[in-house]
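Heads up, the thing below is written out as C-alpha coordinates.
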Number of protein chains: 2
Amino acid sequence: MDSANFIGESIDFIHRYTMKSLQKTAEEHGVTIPQIRVIGEVFAHKTVSIKQLTQNLKMTQSTVSDIVDRLISKEYLVKTPNKNDKRLVDISLSARLADNINESVTELTNQSLVGVLNLLKQDEQKTVIKGMELLVSAVKDKMIEEGMENREFLDILYFPEKDQRRR
Amino acid sequence: MDSANFIGESIDFIHRYTMKSLQKTAEEHGVTIPQIRVIGEVFAHKTVSIKQLTQNLKMTQSTVSDIVDRLISKEYLVKTPNKNDKRLVDISLSARLADNINESVTELTNQSLVGVLNLLKQDEQKTVIKGMELLVSAVKDKMIEEGMENREFLDILYFPEKDQRRR
DNA sequence: GTAGTATATATCGTGTACGATGTATCGCAT
DNA sequence: ATGCGATACATCGTACACGATATATACTAC
(Lines give C-alpha, C1' and ligand atoms only; values in the text may rest on other atoms or scores of the structure.)
Protein backbone atom coordinates (compact mmCIF):
# COMPACT_ATOMS: atom_id res chain seq x y z
CA MET A 1 0.00 0.00 0.00
CA ASP A 2 2.85 2.31 0.74
CA SER A 3 4.53 1.11 -2.43
CA ALA A 4 1.35 1.78 -4.32
CA ASN A 5 1.41 5.29 -2.99
CA PHE A 6 4.97 5.72 -4.04
CA ILE A 7 4.22 4.46 -7.54
CA GLY A 8 1.23 6.76 -7.79
CA GLU A 9 3.14 9.83 -6.77
CA SER A 10 6.00 8.91 -9.05
CA ILE A 11 3.71 8.58 -12.02
CA ASP A 12 2.18 11.95 -11.25
CA PHE A 13 5.57 13.49 -10.78
CA ILE A 14 7.00 12.25 -14.06
CA HIS A 15 3.82 13.10 -15.86
CA ARG A 16 3.99 16.65 -14.60
CA TYR A 17 7.62 16.89 -15.56
CA THR A 18 7.10 15.77 -19.14
CA MET A 19 4.14 18.07 -19.54
CA LYS A 20 6.07 21.00 -18.17
CA SER A 21 8.97 20.13 -20.40
CA LEU A 22 6.91 19.81 -23.54
CA GLN A 23 5.08 23.00 -22.74
CA LYS A 24 8.28 24.98 -22.75
CA THR A 25 9.06 23.84 -26.27
CA ALA A 26 5.50 24.29 -27.38
CA GLU A 27 5.07 27.83 -26.27
CA GLU A 28 8.21 28.83 -28.12
CA HIS A 29 6.17 28.04 -31.19
CA GLY A 30 3.15 29.90 -29.89
CA VAL A 31 1.03 26.82 -29.48
CA THR A 32 -0.01 24.45 -26.72
CA ILE A 33 0.85 20.80 -26.25
CA PRO A 34 -2.46 19.40 -27.46
CA GLN A 35 -2.27 21.72 -30.43
CA ILE A 36 1.18 20.47 -31.36
CA ARG A 37 0.02 16.92 -31.01
CA VAL A 38 -2.85 17.55 -33.37
CA ILE A 39 -0.66 19.34 -35.88
CA GLY A 40 1.81 16.46 -35.70
CA GLU A 41 -0.88 13.95 -36.51
CA VAL A 42 -2.21 15.97 -39.40
CA PHE A 43 1.33 16.45 -40.69
CA ALA A 44 1.98 12.72 -40.49
CA HIS A 45 -1.18 11.70 -42.29
CA LYS A 46 -1.49 14.61 -44.68
CA THR A 47 -5.24 14.50 -44.21
CA VAL A 48 -7.27 13.01 -41.38
CA SER A 49 -10.73 12.97 -39.92
CA ILE A 50 -11.73 14.04 -36.45
CA LYS A 51 -12.42 10.41 -35.69
CA GLN A 52 -8.87 9.39 -36.52
CA LEU A 53 -7.42 12.15 -34.40
CA THR A 54 -9.66 11.08 -31.56
CA GLN A 55 -8.31 7.55 -31.73
CA ASN A 56 -4.67 8.34 -32.27
CA LEU A 57 -4.45 11.06 -29.66
CA LYS A 58 -6.72 9.39 -27.13
CA MET A 59 -8.85 12.44 -26.56
CA THR A 60 -12.58 12.61 -26.79
CA GLN A 61 -14.18 13.76 -29.98
CA SER A 62 -15.41 16.99 -28.49
CA THR A 63 -11.97 17.90 -27.20
CA VAL A 64 -10.41 17.27 -30.58
CA SER A 65 -13.16 19.23 -32.24
CA ASP A 66 -12.41 22.20 -30.00
CA ILE A 67 -8.69 22.13 -30.62
CA VAL A 68 -9.09 21.79 -34.35
CA ASP A 69 -11.42 24.77 -34.34
CA ARG A 70 -8.83 26.85 -32.55
CA LEU A 71 -6.13 25.77 -34.95
CA ILE A 72 -8.35 26.68 -37.85
CA SER A 73 -8.96 30.14 -36.51
CA LYS A 74 -5.19 30.43 -36.16
CA GLU A 75 -5.06 29.43 -39.81
CA TYR A 76 -2.88 26.44 -39.15
CA LEU A 77 -5.39 23.88 -40.40
CA VAL A 78 -8.13 23.69 -42.99
CA LYS A 79 -11.30 21.71 -43.00
CA THR A 80 -12.88 20.38 -46.17
CA PRO A 81 -15.90 18.10 -46.36
CA ASN A 82 -15.07 14.59 -47.47
CA LYS A 83 -16.28 13.77 -50.97
CA ASN A 84 -17.13 10.12 -50.43
CA ASP A 85 -18.79 10.44 -47.06
CA LYS A 86 -20.30 13.78 -46.33
CA ARG A 87 -20.31 13.07 -42.60
CA LEU A 88 -16.54 13.12 -42.58
CA VAL A 89 -14.37 16.17 -42.52
CA ASP A 90 -10.92 16.17 -44.06
CA ILE A 91 -8.45 18.07 -41.97
CA SER A 92 -5.15 19.15 -43.44
CA LEU A 93 -2.41 21.71 -42.96
CA SER A 94 -3.05 25.18 -44.24
CA ALA A 95 -0.95 26.14 -47.25
CA ARG A 96 0.85 28.70 -45.14
CA LEU A 97 1.84 26.18 -42.49
CA ALA A 98 2.60 23.35 -44.90
CA ASP A 99 5.45 25.39 -46.26
CA ASN A 100 7.50 26.49 -43.30
CA ILE A 101 6.93 23.35 -41.33
CA ASN A 102 9.87 21.10 -40.76
CA GLU A 103 10.61 17.95 -38.90
CA SER A 104 10.65 19.94 -35.69
CA VAL A 105 7.01 19.04 -35.36
CA THR A 106 7.50 15.33 -35.13
CA GLU A 107 10.67 15.53 -33.09
CA LEU A 108 8.61 17.18 -30.40
CA THR A 109 7.72 13.80 -28.98
CA ASN A 110 9.10 13.31 -25.52
CA GLN A 111 12.56 14.52 -26.28
CA SER A 112 12.88 15.25 -22.59
CA LEU A 113 12.74 11.62 -21.59
CA VAL A 114 15.58 10.73 -23.92
CA GLY A 115 17.79 13.03 -21.91
CA VAL A 116 16.52 11.60 -18.68
CA LEU A 117 17.27 8.03 -19.66
CA ASN A 118 20.72 8.98 -20.82
CA LEU A 119 21.53 9.95 -17.27
CA LEU A 120 21.23 6.31 -16.34
CA LYS A 121 23.68 3.50 -16.90
CA GLN A 122 22.79 0.78 -19.35
CA ASP A 123 21.72 -1.74 -16.76
CA GLU A 124 19.78 0.90 -14.87
CA GLN A 125 17.85 1.73 -18.03
CA LYS A 126 17.12 -1.97 -18.38
CA THR A 127 15.67 -2.01 -14.90
CA VAL A 128 13.53 1.02 -15.57
CA ILE A 129 12.14 -0.48 -18.74
CA LYS A 130 11.64 -3.87 -17.19
CA GLY A 131 9.79 -2.35 -14.25
CA MET A 132 7.61 -0.28 -16.52
CA GLU A 133 6.73 -3.30 -18.62
CA LEU A 134 5.71 -5.21 -15.54
CA LEU A 135 3.65 -2.36 -14.22
CA VAL A 136 1.91 -1.72 -17.51
CA SER A 137 0.97 -5.33 -18.02
CA ALA A 138 -0.28 -5.53 -14.46
CA VAL A 139 -2.44 -2.49 -15.10
CA LYS A 140 -3.76 -4.07 -18.26
CA ASP A 141 -4.59 -7.22 -16.37
CA LYS A 142 -6.35 -5.20 -13.72
CA MET A 143 -8.35 -3.39 -16.33
CA ILE A 144 -9.46 -6.64 -17.89
CA GLU A 145 -10.21 -8.06 -14.48
CA GLU A 146 -12.52 -5.24 -13.58
CA GLY A 147 -14.00 -5.27 -17.05
CA MET A 148 -12.98 -1.80 -18.05
CA GLU A 149 -15.19 -1.29 -21.01
CA ASN A 150 -12.77 0.92 -22.92
CA ARG A 151 -11.27 -1.60 -25.24
CA GLU A 152 -9.52 0.98 -27.43
CA PHE A 153 -8.00 2.31 -24.29
CA LEU A 154 -6.00 -0.88 -24.09
CA ASP A 155 -4.35 -1.49 -27.41
CA ILE A 156 -2.87 1.93 -27.38
CA LEU A 157 0.38 0.93 -25.92
CA TYR A 158 2.85 -0.96 -28.00
CA PHE A 159 5.36 -3.23 -26.38
CA PRO A 160 8.98 -3.13 -27.48
CA GLU A 161 9.40 -6.83 -28.10
CA LYS A 162 7.02 -9.51 -27.08
CA ASP A 163 3.55 -8.30 -26.56
CA GLN A 164 1.40 -10.17 -24.12
CA ARG A 165 2.55 -12.42 -21.37
CA ARG A 166 1.43 -12.97 -17.82
CA ARG A 167 -1.37 -15.24 -16.80
CA MET B 1 14.92 7.07 -27.98
CA ASP B 2 12.52 4.26 -28.63
CA SER B 3 12.77 3.36 -24.98
CA ALA B 4 12.06 6.96 -24.08
CA ASN B 5 8.97 6.78 -26.19
CA PHE B 6 7.89 3.61 -24.48
CA ILE B 7 8.42 5.15 -21.07
CA GLY B 8 6.50 8.23 -22.07
CA GLU B 9 3.52 6.31 -23.36
CA SER B 10 3.57 4.06 -20.33
CA ILE B 11 3.48 7.00 -17.96
CA ASP B 12 0.58 8.47 -19.87
CA PHE B 13 -1.20 5.17 -19.92
CA ILE B 14 -0.90 4.52 -16.21
CA HIS B 15 -1.76 8.10 -15.44
CA ARG B 16 -4.92 7.83 -17.47
CA TYR B 17 -5.78 4.56 -15.81
CA THR B 18 -5.46 5.87 -12.26
CA MET B 19 -7.43 8.99 -13.12
CA LYS B 20 -10.18 6.94 -14.70
CA SER B 21 -10.17 4.62 -11.75
CA LEU B 22 -10.35 7.36 -9.16
CA GLN B 23 -13.01 9.14 -11.12
CA LYS B 24 -15.32 6.17 -10.91
CA THR B 25 -15.09 6.20 -7.12
CA ALA B 26 -15.37 9.95 -6.99
CA GLU B 27 -18.50 10.31 -9.01
CA GLU B 28 -20.26 7.78 -6.80
CA HIS B 29 -19.96 10.47 -4.17
CA GLY B 30 -21.08 13.18 -6.54
CA VAL B 31 -17.76 14.94 -6.65
CA THR B 32 -14.74 15.11 -8.90
CA ILE B 33 -11.20 13.94 -8.25
CA PRO B 34 -9.70 17.35 -7.49
CA GLN B 35 -12.64 18.06 -5.22
CA ILE B 36 -12.08 14.86 -3.26
CA ARG B 37 -8.42 15.67 -2.98
CA VAL B 38 -9.21 19.07 -1.55
CA ILE B 39 -11.76 17.67 0.86
CA GLY B 40 -9.26 15.06 1.96
CA GLU B 41 -6.67 17.70 2.73
CA VAL B 42 -9.12 19.80 4.66
CA PHE B 43 -10.31 16.76 6.56
CA ALA B 44 -6.75 15.82 7.44
CA HIS B 45 -5.77 19.27 8.68
CA LYS B 46 -9.09 20.31 10.13
CA THR B 47 -8.42 23.84 8.91
CA VAL B 48 -6.11 25.01 6.14
CA SER B 49 -5.29 28.01 4.01
CA ILE B 50 -5.44 28.20 0.25
CA LYS B 51 -1.68 28.42 0.27
CA GLN B 52 -1.32 25.13 2.09
CA LEU B 53 -3.69 23.40 -0.28
CA THR B 54 -1.74 24.79 -3.18
CA GLN B 55 1.47 23.31 -1.85
CA ASN B 56 0.14 19.96 -0.74
CA LEU B 57 -1.93 19.29 -3.82
CA LYS B 58 0.54 20.76 -6.30
CA MET B 59 -2.00 22.88 -8.05
CA THR B 60 -1.78 26.58 -8.70
CA GLN B 61 -3.41 28.98 -6.34
CA SER B 62 -6.07 29.98 -8.83
CA THR B 63 -7.07 26.41 -9.48
CA VAL B 64 -7.40 25.68 -5.79
CA SER B 65 -9.34 28.87 -5.31
CA ASP B 66 -11.79 27.80 -8.00
CA ILE B 67 -12.31 24.34 -6.59
CA VAL B 68 -12.78 25.60 -3.07
CA ASP B 69 -15.38 28.04 -4.32
CA ARG B 70 -17.31 25.23 -5.96
CA LEU B 71 -17.11 23.13 -2.83
CA ILE B 72 -18.39 26.05 -0.81
CA SER B 73 -21.37 26.53 -3.07
CA LYS B 74 -22.01 22.82 -2.65
CA GLU B 75 -21.88 23.52 1.08
CA TYR B 76 -19.10 21.05 1.69
CA LEU B 77 -16.62 23.63 2.93
CA VAL B 78 -16.69 26.91 4.81
CA LYS B 79 -14.40 29.87 4.61
CA THR B 80 -13.64 32.06 7.59
CA PRO B 81 -11.12 34.89 7.68
CA ASN B 82 -8.09 34.14 9.80
CA LYS B 83 -7.92 36.12 13.02
CA ASN B 84 -4.18 36.58 13.23
CA ASP B 85 -3.49 37.37 9.61
CA LYS B 86 -6.37 38.88 7.73
CA ARG B 87 -4.82 37.93 4.41
CA LEU B 88 -5.33 34.25 5.22
CA VAL B 89 -8.54 32.33 4.88
CA ASP B 90 -9.32 29.37 7.07
CA ILE B 91 -10.97 26.61 5.17
CA SER B 92 -12.75 23.85 7.04
CA LEU B 93 -15.45 21.25 6.56
CA SER B 94 -19.01 22.39 6.76
CA ALA B 95 -20.89 21.17 9.81
CA ARG B 96 -23.10 19.07 7.60
CA LEU B 97 -20.16 17.31 5.96
CA ALA B 98 -18.06 17.00 9.10
CA ASP B 99 -20.71 14.69 10.53
CA ASN B 100 -21.35 12.04 7.93
CA ILE B 101 -17.79 11.92 6.75
CA ASN B 102 -15.85 8.80 7.42
CA GLU B 103 -12.45 7.42 6.61
CA SER B 104 -13.64 6.73 3.10
CA VAL B 105 -12.27 10.10 2.19
CA THR B 106 -8.70 9.37 3.03
CA GLU B 107 -8.77 5.82 1.76
CA LEU B 108 -9.52 7.27 -1.64
CA THR B 109 -5.85 7.59 -2.37
CA ASN B 110 -4.77 5.36 -5.19
CA GLN B 111 -6.53 2.29 -4.01
CA SER B 112 -6.44 1.12 -7.59
CA LEU B 113 -2.67 0.78 -7.67
CA VAL B 114 -2.67 -1.44 -4.62
CA GLY B 115 -4.71 -3.92 -6.58
CA VAL B 116 -2.43 -3.58 -9.56
CA LEU B 117 0.70 -4.27 -7.56
CA ASN B 118 -0.88 -7.27 -5.94
CA LEU B 119 -1.11 -8.88 -9.34
CA LEU B 120 2.66 -9.02 -9.38
CA LYS B 121 4.94 -11.41 -7.59
CA GLN B 122 7.14 -10.11 -4.81
CA ASP B 123 10.29 -9.86 -6.88
CA GLU B 124 8.40 -8.29 -9.75
CA GLN B 125 7.12 -5.61 -7.42
CA LYS B 126 10.68 -5.04 -6.34
CA THR B 127 11.68 -4.49 -9.92
CA VAL B 128 8.84 -2.07 -10.53
CA ILE B 129 9.73 -0.02 -7.48
CA LYS B 130 13.42 -0.12 -8.22
CA GLY B 131 12.84 1.02 -11.76
CA MET B 132 10.59 3.81 -10.65
CA GLU B 133 13.12 5.00 -8.12
CA LEU B 134 15.80 5.11 -10.77
CA LEU B 135 13.57 6.95 -13.20
CA VAL B 136 12.41 9.48 -10.65
CA SER B 137 15.89 10.31 -9.49
CA ALA B 138 17.03 10.63 -13.09
CA VAL B 139 14.21 13.05 -13.73
CA LYS B 140 15.17 15.02 -10.65
CA ASP B 141 18.76 15.18 -11.86
CA LYS B 142 17.60 16.32 -15.27
CA MET B 143 15.48 19.03 -13.70
CA ILE B 144 18.39 20.30 -11.71
CA GLU B 145 20.63 20.07 -14.74
CA GLU B 146 18.36 22.26 -16.81
CA GLY B 147 17.80 24.55 -13.88
CA MET B 148 14.09 24.05 -13.57
CA GLU B 149 13.20 26.95 -11.42
CA ASN B 150 10.34 25.25 -9.60
CA ARG B 151 12.08 24.20 -6.46
CA GLU B 152 8.93 23.19 -4.65
CA PHE B 153 8.15 21.01 -7.60
CA LEU B 154 11.04 18.85 -6.50
CA ASP B 155 10.68 18.07 -2.85
CA ILE B 156 7.22 16.81 -3.37
CA LEU B 157 8.15 13.23 -3.77
CA TYR B 158 9.18 11.26 -0.79
CA PHE B 159 11.42 8.28 -1.14
CA PRO B 160 10.61 5.08 0.71
CA GLU B 161 13.95 4.66 2.42
CA LYS B 162 17.07 6.50 1.57
CA ASP B 163 16.42 9.79 0.00
CA GLN B 164 19.04 11.17 -2.28
CA ARG B 165 21.71 9.22 -4.06
CA ARG B 166 23.15 9.37 -7.54
CA ARG B 167 25.95 11.68 -8.65
C1' DG C 1 -37.95 3.46 -51.51
C1' DT C 2 -38.87 3.82 -46.39
C1' DA C 3 -37.95 3.21 -41.78
C1' DG C 4 -34.79 2.44 -38.41
C1' DT C 5 -30.15 2.12 -36.82
C1' DA C 6 -25.46 3.41 -36.81
C1' DT C 7 -21.79 6.74 -37.60
C1' DA C 8 -19.25 11.39 -37.77
C1' DT C 9 -19.30 16.02 -36.16
C1' DA C 10 -20.91 19.97 -33.81
C1' DT C 11 -22.46 22.16 -29.74
C1' DC C 12 -23.39 22.89 -24.86
C1' DG C 13 -22.51 22.83 -19.93
C1' DT C 14 -19.40 22.09 -16.34
C1' DG C 15 -15.07 21.52 -14.27
C1' DT C 16 -10.31 21.64 -14.13
C1' DA C 17 -5.82 24.15 -14.97
C1' DC C 18 -2.77 27.96 -15.35
C1' DG C 19 -0.72 32.58 -16.12
C1' DA C 20 -1.57 37.45 -15.39
C1' DT C 21 -3.34 40.94 -12.88
C1' DG C 22 -5.75 43.27 -9.08
C1' DT C 23 -6.44 44.06 -4.04
C1' DA C 24 -5.85 43.96 0.68
C1' DT C 25 -2.83 43.03 4.41
C1' DC C 26 1.55 42.28 6.62
C1' DG C 27 6.40 43.49 7.84
C1' DC C 28 10.20 45.98 7.69
C1' DA C 29 13.12 49.92 7.20
C1' DT C 30 13.48 54.49 7.71
C1' DA D 1 3.92 56.82 11.43
C1' DT D 2 5.09 56.45 6.25
C1' DG D 3 6.35 54.01 2.60
C1' DC D 4 7.38 49.79 0.14
C1' DG D 5 8.27 45.18 -1.02
C1' DA D 6 6.40 40.71 0.02
C1' DT D 7 2.51 37.69 0.79
C1' DA D 8 -2.35 35.64 0.41
C1' DC D 9 -6.09 35.50 -2.06
C1' DA D 10 -9.61 36.74 -5.77
C1' DT D 11 -10.67 37.39 -10.49
C1' DC D 12 -10.22 37.18 -15.45
C1' DG D 13 -9.15 35.14 -19.85
C1' DT D 14 -8.00 31.17 -22.32
C1' DA D 15 -7.49 26.38 -23.25
C1' DC D 16 -8.17 21.82 -22.37
C1' DA D 17 -11.24 17.80 -21.26
C1' DC D 18 -15.26 15.16 -21.08
C1' DG D 19 -20.17 13.61 -21.04
C1' DA D 20 -24.60 14.53 -23.09
C1' DT D 21 -27.18 15.83 -26.72
C1' DA D 22 -28.33 17.53 -31.43
C1' DT D 23 -27.84 17.05 -36.45
C1' DA D 24 -26.78 15.32 -40.70
C1' DT D 25 -25.47 11.56 -43.44
C1' DA D 26 -24.75 6.62 -44.36
C1' DC D 27 -26.25 1.96 -44.19
C1' DT D 28 -29.34 -1.97 -43.60
C1' DA D 29 -33.44 -4.47 -43.74
C1' DC D 30 -37.66 -4.94 -45.56
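In the text below, chain A, chain B and the rest are named by the order of the sequence lines, each starting its count at 1.
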Side chains of residues 61-70 of chain B: which donor-acceptor pairs under 3.5 Å do they make with residues two or more places apart or in other chains?
| from | atom 1 | to | atom 2 | distance (Å) |
| --- | --- | --- | --- | --- |
| S62(B) | OG | T60(B) | OG1 | 3.4 |
| T63(B) | OG1 | T60(B) | OG1 | 2.9 |
| D69(B) | OD1 | K79(B) | NZ | 3.1 |

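- Residues I11(A) and M132(B) meet the side-chain proximity criterion, which asks for heavy atoms closer than 4.5 Å.
- Of the candidates L71(A), V42(A), V38(A), Y76(A) forms a side-chain contact (heavy atoms from CB on, under 4.5 Å) with just one, namely L71(A).
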Check: Passes salt bridge (Lys or Arg N to Asp or Glu O under 4.0 Å), R37(A) versus E41(A)? Steps please.
Finding: CA-CA 6 Å; R37(A) 298 216 301 144; E41(A) 272 297 301; over 6 Å; no

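- Put simply, CZ on R87(A) is 12 Å from C1' on dT23(D), counting in whole angstrom units.
- Put simply, CD1 on I50(A) is 18 Å from P on dT7(C), counting in whole angstrom units.
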Note to self: Between R87(A) and D85(A), does the salt bridge (Lys or Arg N to Asp or Glu O under 4.0 Å) criterion hold? Intermediate values first, please.
What the structure shows: CA-CA 5 Å; R87(A) 290 172 307 179; D85(A) 186 336; 2.8 Å; yes

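- Rounding to whole angstrom units, CD of residue Q55(B) and C1' of dT7(D) are separated by 12 Å.
- Residues from residues 78-86 of chain A placing a heavy atom under 4.0 Å of any atom in DNA chain D, listed by number, are N84(A), D85(A), K86(A).
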Next item on the list: Indicate for each nucleotide in nucleotides 11-18 of chain C, in 5' to 3' sequence, whether protein heavy atoms under 4.0 Å reach the base (B), only the sugar-phosphate (S), or nothing (-).
Entry: B---SBBB

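- Within the 4.5 Å cutoff, the side chain of E145(B) has heavy atoms near those of the L119(A) side chain.
- Per the geometry, CD1 belonging to I36(A) stands 15 Å off P belonging to dA15(D), to the nearest Å.
- A donor-acceptor pair is defined here as one N or O able to donate and one able to accept, closer than 3.5 Å; such a pair exists between the side chain of S137(A) and the backbone of E133(A).
- No side-chain heavy atom of N82(A) sits less than 4.5 Å from a side-chain heavy atom of V89(A).
- The CG atom of L53(A) sits 14 Å away from the P atom of dA17(D) (whole-angstrom rounding).
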